[in-house]
Amino acid sequence: MTDLIVKAAVKEQLADQNVSSDFYDALDSEVAELLADAARRAEANDRKTVQARDL
C-alpha cells in the first residue's frame, strides 16, 4: 500500500497530542477508502475527474 498521508504533517496538526504508530496506518486506510469512494461516485456520474462534491 502506498502511504497517502505525510506523518510530519499529521504530527504538526496534532502538535498537542501524542500519536501512536498504528494511527498512521489506520488514517492511511481511511484516506484510501475515501478516495476509492470518491472515484466510484465520479465514475457513476460519467466523469473521469474527481471533484470535491464526490467526497
Side-chain angles (χ1 to χ4, degrees):
M1 174 188 266
T2 302
D3 287 336
L4 298 171
I5 55 124
V6 178
K7 290 181 182 180
V10 173
K11 285 181 183 180
E12 183 178 322
Q13 186 67 33
L14 299 174
D16 296 335
Q17 302 290 319
N18 294 322
V19 181
S20 69
S21 59
D22 63 339
F23 178 81
Y24 298 109
D25 289 334
L27 179 59
D28 208 61
S29 292
E30 289 289 324
V31 170
E33 187 175 320
L34 186 66
L35 293 174
D37 289 345
R40 280 191 288 275
R41 282 189 200 93
E43 189 175 316
N45 287 295
D46 295 322
R47 289 184 280 110
K48 289 190 175 194
T49 303
V50 178
Q51 301 173 351
R53 63 183 174 188
D54 295 316
L55 293 173

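Quick note: residue numbers are just sequence positions, from 1.
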Novice: How far does CD1 of Ile5 sit from CD of Glu30, to the nearest 0.5 angstrom?
Specialist: 12.0 Å

Novice: When rounded to the nearest 0.5 angstrom, what distance separates OG in Ser29 from CG in Leu34?
Specialist: 12.5 Å

Novice: Taking salt bridge (charged side-chain N to carboxylate O under 4.0 Å, His left out) as the test, write out the residues that go with Arg47, two or more places apart.
Specialist: Asp54

Novice: State plainly whether one hydrophobic cluster holds both Leu35 and Val50, where clusters connect Ile, Leu, Val, Met, Phe, Trp and Tyr through side-chain heavy atoms under 4.5 angstrom apart.
Specialist: no

Novice: Find out whether Glu33 and Val31 are in side-chain contact, i.e. whether some heavy atom of one side chain is under 4.5 Å from a heavy atom of the other.
Specialist: no

Novice: When you compare the side chain of Lys11 with that of Tyr24, does any pair of heavy atoms fall below 4.5 Å?
Specialist: yes

Novice: Are any non-hydrogen side-chain atoms of Val10 and Val6 less than 4.5 angstrom apart?
Specialist: no

Novice: Do other residues, nucleotides or ligands put more than 12 heavy atoms under 6.0 Å from Gln51 CD?
Specialist: yes

